Amino acid sequence: MSAPVSSVHKPIKQKDRAQTEPAVVRWLLIATALVFLALFLLLPLAAVFSQAFEKGLTVYLDALKEPDTLSSIKLTLITAAVTVPLNLFFGVTAAWAIAKFSFPGKNLLITLIDLPFSVSPVISGLIYVLIFGLQGWIGPWLQEHDIKIVFAVPGIILATIFVTFPFVARELIPLMEAQGKEEEEAALVLGASGLQTFFRVTLPNIKWGIIYGVILCNARAMGEFGAVSVVSGHIRGMTNTVPLHVEILYNEYNYTAAFAVASLLAFLALITLMVKTVAEWKIRNQVEG
Amino acid sequence: MKLFKQHNNVLPGFGMTLGFTIFYLSVIVLIPLSALVFRTAGLTWGQFISTVTAPRVLASYKITFGAAMIAATINSFFGVLVAWVLVRYRFPGRRMVDALVDLPFALPTAVAGITLATIYSPNGWVGRYLEPLGIKVAFTPLGIVLAMTFIGLPFVVRTVQPVIEEVEVELEEAASCLGANRWQTLQRVIFPIMAPSILTGFALSFARAVGEYGSIIFIAGNMPMVSEITPLLIITKLEQFDYQGATAIACVMLLTSFLMLLVINLLQKWSRRYAE
């Protein structure tokens, strides 16, 4: 019985039903879609790496070791290290309140949480200039006390928090709503404290949702350009994040260096896509199983 | 009185979590956004109108909204095609292609911008073949459409894909039993189910394209009246310390975003009518 099944007799998963297109049409559609995606997505990705390594590995590494590049990497890491935990904490808190309880105005709250996604990045930066800038609401007061927010690191962090605000929350809300609250109720009835219930029951259930939200939040935090560009002031070696540094190098016609630094961000994008795919797969299994 | 329904909920932490959520939302999003509205309110009506309808500003709306419209249309067509192929057909590498569709979400916009500008410049990988045909992409409005198409593609695919996944095979079988040929089934049965999600994807892709900045400025050429997008104009005003001008134009864009958000919410409601 364990004889290898010949491929001819394998049950064909998608039955040859009258409900599908003729093979010619099928392959034509697949080919068109793939050519389009190759031209639009693969080609740019390949171009980043090809341009970055055009003059060899030494030039590539030298570009990355440049002090201004290193300081931009440092600033980007700091920004992400502040932004992601804050938005993670917010996301979990908001999802707990919204998914586990019912209250009036819930849909409005969800819409407001999603708001930063529909605002242009340029406006996301502008609003902080309007508040903290010299002509802004509390700008003069800040200057008196020698506190710099706009055109300094705090402004960059604020703008980044704004643009990555919804990521964790919008992933966790539907997931926790789908899971209901029976498990938590059981834990509480059996004598667990609120925090114990959260860490032992809820957290394991939403683990992959959190990873999914965090990885996307992190990718945007490290890659944000428009909003950060408005509040940064572009001070080289001081308030330049990696994407801003790419812009400067590119505008100085230093293409190889620009693409070398850009390739770091492209690596980040690829890792993000991989983790995201795994997380999606895990969540799907969890919800269906 | 609805709030008192909570008393039969044994889970703890409602007040604290909701309180923090509203606090954080206000500090980070609502108060800063209201600053924009209040600053605009400082202008007289006449000042506001003359700022947001200046010829250069009007030209930027035309190019931004026009290019976003074209890009969203291209995305609707290819997005549906890609979603259909990914759901209905099996071919080697399908999972990888599926993951790759999200690249424009994951790739920082500045990287996308310099890369597209390089590929489509007259001596770039693609540009060198288009140049002899008389097609200029980089540093023209066509470049803006291209960048907007790039960043908008995942929106249509990811909105349409789950809807195709949920189409019941029985519907198609019934159609063919009743004598419909494949084309009639697609046109009369499957397309009407997909239509609301295609419109939603179109609107999402359009909204994203209108606000986009990073991936466009490198390829656009940024010539006033010709290839200058509205977000760039806001930054230009800001760099000239024309805060009032920047705020007024930003307010118009914000209003447009809210309008789009409303339309998208209504569309999503409509597209869920088949789900129940």
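Note on naming: letters A, B, ... go to the chains in the order of the sequence lines (proteins, then strands), and numbering restarts at 1 for each one. The shown structure was predicted, so the numbers you read here are calculated from the model rather than taken from an experiment.
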Please flag which part of [X] lies under 4.5 Å from any non-hydrogen atom of chain B: side chain, backbone, both or neither.
X: A:F162; result: both
X: A:S118; result: both
X: A:S124; result: neither
X: A:F90; result: both
X: A:L188; result: side chain
X: A:V48; result: both
X: A:L29; result: both
X: A:E224; result: neither
X: A:L112; result: both
X: A:N87; result: both
X: A:L195; result: neither
X: A:L265; result: both
X: A:A192; result: neither
X: A:I215; result: neither

Where does [X] contact chain A at under 4.5 Å (heavy atoms): side chain, backbone, both or neither?
X: B:V126; result: side chain
X: B:N265; result: side chain
X: B:A35; result: both
X: B:I264; result: neither
X: B:I119; result: side chain
X: B:L18; result: both
X: B:F38; result: side chain
X: B:W84; result: side chain
X: B:L232; result: neither

* Name the orientation class of the two ring planes belonging to B:F14 and A:F103 (parallel below 30°, tilted from 30 to 60°, perpendicular beyond 60°). => tilted

Between chain B and each of [options], count heavy-atom pairs under 4.5 Å; write down the option with the most.
options: A:A47, A:G194, A:S193; answer: A:A47
options: A:V119, A:V246, A:I113, A:L43; answer: A:L43
options: A:T272, A:L244, A:L86; answer: A:L86
options: A:I161, A:V189, A:L158, A:V25; answer: A:I161

Which heavy-atom pair separates [X] from [Y] by the least distance, and what is that distance?
X: A:L126; Y: B:A250; result: CD2-CB, 3.3 Å
X: B:I28; Y: A:Y128; result: O-OH, 2.7 Å
X: A:A94; Y: B:T21; result: CA-OG1, 3.2 Å
X: A:F259; Y: B:T118; result: CZ-OG1, 3.2 Å

Counting heavy-atom pairs closer than 4.5 Å to chain A, which one of [options] comes out on top?
options: B:L116, B:T230, B:T149; result: B:T149
options: B:T109, B:L238, B:D102; result: B:D102
options: B:L36, B:L25, B:L107; result: B:L25

* Are any of the side-chain nitrogens in B:R95 or A:E280 under 4.0 Å away from the carboxylate oxygens of its partner? -> no

* Asked: Is the shortest heavy-atom distance from the side chain of A:F36 to the side chain of B:L81 under 4.5 Å?
  -> no

* Asked: How about A:V230 and B:Y213: do any of their side-chain heavy atoms sit closer than 4.5 Å?
  -> no

* Answer with yes or no after comparing the ring centroid distance for B:F78 and A:F40 against a 6.0 Å cut-off, counting only values under it. => no

